[in-house]
Every structure is written in C-alpha cells, then in structure tokens.
Participant: 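Okay, handing you the structure first.
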There are 2 protein chains.
Amino acid sequence: MSANKTLRRPLRKDGLTIGEIAGRTGLAVSAIRYYESEGLITPWRNDSGQRRFERADIRRLSFIMIAQGLGASIAEIRAQLVRLPKGRTPTAGDWRRLSEHYRADLDRRIAQLEKLRNDLDGCIGCGCLSLERCSLYNPGDRAGGNGPGPRYLLGDSPGRD
Amino acid sequence: MSANKTLRRPLRKDGLTIGEIAGRTGLAVSAIRYYESEGLITPWRNDSGQRRFERADIRRLSFIMIAQGLGASIAEIRAQLVRLPKGRTPTAGDWRRLSEHYRADLDRRIAQLEKLRNDLDGCIGCGCLSLERCSLYNPGDRAGGNGPGPRYLLGDSPGRD
DNA sequence: CCTTGCCCTAAAGCAAGGTTGAGGCCCGAG
DNA sequence: CTCGGGCCTCAACCTTGCTTTAGGGCAAGG
C-alpha cells in the first residue's frame, strides 16, 4: 500500500510522544508529566514504558491551559474533566458542556470586578480607607484569613514590565 | 488637664503595638511582621525593641489588603507604596493617586475578561480548541511559559463550596 | 514579687504548581 | 558498535505569602 508513506501527517497509530505533545501545546514536558501525576491526563505506555498520547489529549491539555488562565486550580480542573465521557473521545458537545461552567464563572467574575471597581471609586477613591466600613476587604468570596494557604482573587504576572 | 484621661481612645503618644494594629486591621500579627520584613511598612521600635505603629499604618495596611484583593503581589504593592511621600503622613489625595493605578488595572482586567468571555463562547464553545489559532492561550498579558514561577491571571478560593 | 500576656527573633513548614537534577534505558544514525 | 537525543523515575528544589514553633524578653496588674 502506498498509503503508508505517511502522507504529510504521520498520524502514527502508536500515538504521540510527550515531546510532540509538548511541542504542539507549548507546555513543558515536565508540566505534562506533572499533569499526569495529578490525574488530569492518562496517556498509555508503549512497550518500552514511554508515554503515548492521543490527539484528543492536545485538546484536553488545551482545556487545562484555558481553565488555568481562568484561575482554576488543578483540583478544580480535575473535577471538571471527570465530567467527560470515559471510553470514547470527547466530542465538541462534550467540551462545550465543560466550557459552560467557565462561562458562568466568567460572568460572575466580571460582575464581581465591576462591583469592586465601584467600591474602589467610592472607598479608596475618597481616601477614607477606614476599613471599619469598607466593603473592599471582603469582595464577595474572599475568605478573610480563616485558614492558611494562598488566597487570591485576581492576579497578574509578577515582576513583568 | 482633664484631657489626659484618655478620652475613650488612648492615642498614646508612643504609638500602637503590633497587637493593636492586628486587631484593627484584622491581619494576623505574623502577617504584619512579614510585611515589615518585605519592606511594606516600617514601624519604629521602642526602648525594649517592640514595634510601634502610627495610626497612618492602619491605612497603609488597608491599602495592602485591598491591593492584594485586586491581585497585586507584594513586590507590586511595594512599588506602589514607594510613591507615597516620605517624611510626612500621606493625605487622602496621596492615597487617591495610588488607587487610580488599581482603578485603571481593574478597567483593563474587566475588558480582558470580557474578551475572554467572547473567546470562550467562540472557541471552546464551538469545540474547536485547536490552539493553533485560539486566542484563549494568550489572553493579553499571559507570559506563556517564559520563565518559572506561578503565573496566574485570575484566581478563586481553592476548594471552597 | 510574681505571674500572665504580649512581644521578640530565627528558622522551619505549608500549599500550589511546577522545574531541575541525577542516574539510567532505549532507539536510530553513522 | 557507539554516539546523541529523547524518554523514564524519583527526589529535591523553587516561588509566594504567610503561619507555626522554639526559645526568650519585658511589662503591667494583683
């Protein structure tokens, strides 16, 4: 068969290597391994123990990256990913269902930021900053110190520009 | 003079203790010490080496809390705080100037989230997630993997509700 | 005076999300 | 056959923003 001359895209039946996946997603190899260790992806192994990925894993990793960009933790993302069907490759509809979660999240977050902006105008803006009555200290879902650990609401790249 | 019967608020000339500051701001004592170690506040010391704060430090700490709520890192906050006048107590106008920074930040952030929401609708929403052309991976100021360290855009309290 | 409570420092620890390094296997090219 | 590159596993380390712990000091009230 002349079809096995790899017609431009190998589409190798034995899957993609971790390096290939890294190249396609822009993720570091170490990050991909880490995601596996966290149960976000489950590549299979070939005979010599190397990870092999399906093309659908690229989409899965893309989802992970996007969700992280939206502020989701690994645990949160894992919780979303288990909603995908096991046993078959997720369809566009499956992904859409997950994305709706973040859509709603985004709506909440935007509303919250707008409230924050109003508060900022009213509170720091006026110079009062008196904190006994300032709503800025608990902008909605801020735990306020009950329990350790990083609590962040919004972030930006530290130390850039 | 009968005025020195501490008229309800001591206003002790020797300043507030760290515990008093903690009580008024809601911060943990350890957090306040940490902020000092990071150069965000510079209390003086009394004869026995204890920290003493001015009332203006409450406002300073309030600012820190608010800025953190808005996603600023310690380094970023420090960079803002150096803009305050040295040598005199900041006025409401001084604080207002700093707050404008975050106001602008917030505006950018909101705009960015709205863009993200559109992208989400258009991109994950459609199921493409193909990442070669998806704008979701670089929503404006995301570094995209050049350099280590946590890069977050938005966050929410992990593991709540 | 003595106890109690707040204060001090320095160092270690925690959590998240990875990165880095050491030591080793396997595969394909020359 | 040998070299180089990629892959493997663990384990240690990194950064941020604190908290906790250990070991001690000082001051105010009874």
Side-chain angles (χ1 to χ4, degrees), chain A residues 12 14-23 26-40 43-53 61 64-65 67-69 71-78 142-153 155-160, chain B residues 10 12 14-23 25-41 43-53 61 64-65 67-69 71-78 143-153 155-160:
Chain A
R12 304 179 327 193
D14 54 332
L16 298 154
T17 67
I18 195 169
E20 286 164 338
I21 287 284
L27 288 166
V29 165
S30 61
I32 297 174
R33 291 205 188 101
Y34 174 69
Y35 293 149
E36 183 188 6
S37 82
E38 287 295 314
L40 300 189
W44 34 283
R45 302 299 181 112
N46 74 358
D47 288 351
S48 42
Q50 294 194 353
R51 289 168 184 82
R52 288 298 180 252
F53 298 81
L61 288 166
I64 294 170
M65 294 168 80
Q68 282 197 314
S73 65
I74 297 288
E76 221 278 316
I77 295 171
R78 185 168 39 223
R142 190 110 180 285
N146 55 355
R151 58 282 204 180
Y152 45 90
L153 240 186
D156 49 12
S157 322
R160 280 172 58 72
Chain B
R12 304 182 326 196
D14 53 332
L16 297 154
T17 67
I18 196 169
E20 285 164 340
I21 288 283
T25 57
L27 288 166
V29 165
S30 61
I32 297 174
R33 291 205 189 100
Y34 173 69
Y35 293 148
E36 182 188 6
S37 81
E38 288 295 314
L40 301 189
I41 43 174
W44 33 284
R45 302 300 180 110
N46 74 358
D47 287 351
S48 42
Q50 293 194 352
R51 289 170 184 82
R52 289 298 181 252
F53 298 81
L61 288 166
I64 294 169
M65 293 167 81
Q68 282 196 314
S73 66
I74 297 287
E76 222 278 317
I77 295 171
R78 185 168 37 224
N146 55 354
R151 58 278 205 186
Y152 44 88
L153 241 187
D156 47 12
S157 321
R160 279 172 59 77

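Numbered from 1 within each chain, the chains take letters A, B, ... in sequence-line order.
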Participant: Specify the separation, in whole Å, of atom CD1 of Ile32(A) and atom C1' of dG17(C).
Facilitator: 15 Å

Participant: Please state how far atom CD in Gln68(B) lies from atom P in dT16(D), giving the value in whole angstrom units.
Facilitator: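 Distance, rounded to whole Å: 13 Å.
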
Participant: Is there a donor-acceptor contact under 3.5 Å from the side chain of Gln68(A) to the main chain of Met65(A)?
Facilitator: no

Participant: List the atom of Pro43(A), the atom of Arg52(A), and the distance in Å for their closest heavy-atom pair.
Facilitator: CB-O, 3.4 Å

Participant: Atom CG of Leu40(B) to atom C1' of dC18(D): distance rounded to whole Å?
Facilitator: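 The distance from CG of Leu40(B) to C1' of dC18(D) comes to 12 Å, rounded to the nearest Å.
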
Participant: Could you tell me which non-hydrogen atom of Phe53(A) sits nearest to which non-hydrogen atom of Ile32(A), and how far apart they are?
Facilitator: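 That would be CZ-CG2, 3.8 Å.
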
Participant: Using side-chain heavy atoms (C-beta onward) and a distance below 4.5 Å, is Arg51(B) in contact with Arg45(B)?
Facilitator: yes

Participant: Round to a whole Å and report the spacing from CG of Asn46(B) to C1' of dA27(D).
Facilitator: 10 Å

Participant: Donor-acceptor pair, distance only, cut-off 3.5 Å: does the side chain of Thr25(B) make one with the backbone of Leu27(B)?
Facilitator: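 Side chain of Thr25(B) to backbone of Leu27(B), a donor-acceptor pair under 3.5 Å: yes, one is there.
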
Participant: Glu38(B): which residues meet the salt bridge (Lys or Arg N to Asp or Glu O under 4.0 Å) condition with it, sequence neighbours left out?
Facilitator: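 Expected list: Arg78(B).
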
Participant: Compare side-chain N and O positions of Tyr35(B) against OP1 and OP2 of dG17(D) and report whether any pair is under 4.0 Å apart.
Facilitator: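 No, Tyr35(B) has no side-chain N/O under 4.0 Å of OP1/OP2 on dG17(D).
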
Participant: Could you tell me, to 10°, how much the axis swings from one end of the helix from dC1(C)-dG30(D) to dG30(C)-dC1(D) to the other, five pairs per end?
Facilitator: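 About 20° separates the two local helix axes.
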
Participant: What closest approach, in Å, do Gly19(A) and Val29(A) show between heavy atoms, and which atom pair accounts for it?
Facilitator: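 That closest heavy-atom pairing would be CA-CG2, 4.4 Å.
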
Participant: Mind calculating the distance between CD (Glu38(A)) and P (dA16(C)) to the nearest angstrom?
Facilitator: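 Result: 9 Å.
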
Participant: Extract from the structure each pairing of a protein N or O with an N or O of nucleotides 5-12 of chain D at less than 3.5 Å, listing the distance.
Facilitator:
from: dC7(D); atom 1: OP1; to: Thr17(A); atom 2: OG1; distance (Å): 3.1
from: dC7(D); atom 1: OP1; to: Gly19(A); atom 2: N; distance (Å): 2.9
from: dC7(D); atom 1: O4'; to: Gln50(A); atom 2: NE2; distance (Å): 3.4
from: dC8(D); atom 1: OP1; to: Arg51(A); atom 2: N; distance (Å): 2.7
from: dC8(D); atom 1: OP1; to: Arg51(A); atom 2: NH1; distance (Å): 2.8
from: dC8(D); atom 1: OP2; to: Arg33(A); atom 2: NE; distance (Å): 3.2
from: dC8(D); atom 1: OP2; to: Arg33(A); atom 2: NH2; distance (Å): 3.0
from: dC8(D); atom 1: OP2; to: Arg51(A); atom 2: NH1; distance (Å): 3.2
from: dC8(D); atom 1: O5'; to: Arg51(A); atom 2: NH1; distance (Å): 3.3
from: dC8(D); atom 1: O3'; to: Arg45(A); atom 2: NH1; distance (Å): 3.4
from: dT9(D); atom 1: OP1; to: Arg45(A); atom 2: NH1; distance (Å): 3.0
from: dT9(D); atom 1: OP1; to: Arg45(A); atom 2: NH2; distance (Å): 3.1
from: dT9(D); atom 1: OP2; to: Arg51(A); atom 2: NH1; distance (Å): 3.0
from: dT9(D); atom 1: OP2; to: Arg51(A); atom 2: NH2; distance (Å): 2.7

Participant: For Ser37(A), what residues pass the side-chain contact (heavy atoms from CB on, under 4.5 Å) criterion, not counting sequence neighbours?
Facilitator: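 Scan of Ser37(A) (side-chain contact (heavy atoms from CB on, under 4.5 Å), adjacent residues dropped) gives Tyr34(A).
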
Participant: Let me know the distance between CG of Leu16(B) and P of dC7(C), rounded to the nearest Å.
Facilitator: 11 Å

Participant: Please check the phosphate of dA16(C) (OP1 and OP2 only) for any side-chain N or O of Tyr34(A) closer than 4.0 Å.
Facilitator: no

Participant: Which heavy atom of Ala28(B) sits nearest a heavy atom of Ala22(B), and at what distance?
Facilitator: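 Looking at all heavy atoms of both residues, the closest pair is C-CB, 4.5 Å.
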
Participant: Any base atoms under 4.0 Å from Ala28(B), or only sugar-phosphate, or nothing? Heavy atoms, all strands.
Facilitator: sugar-phosphate

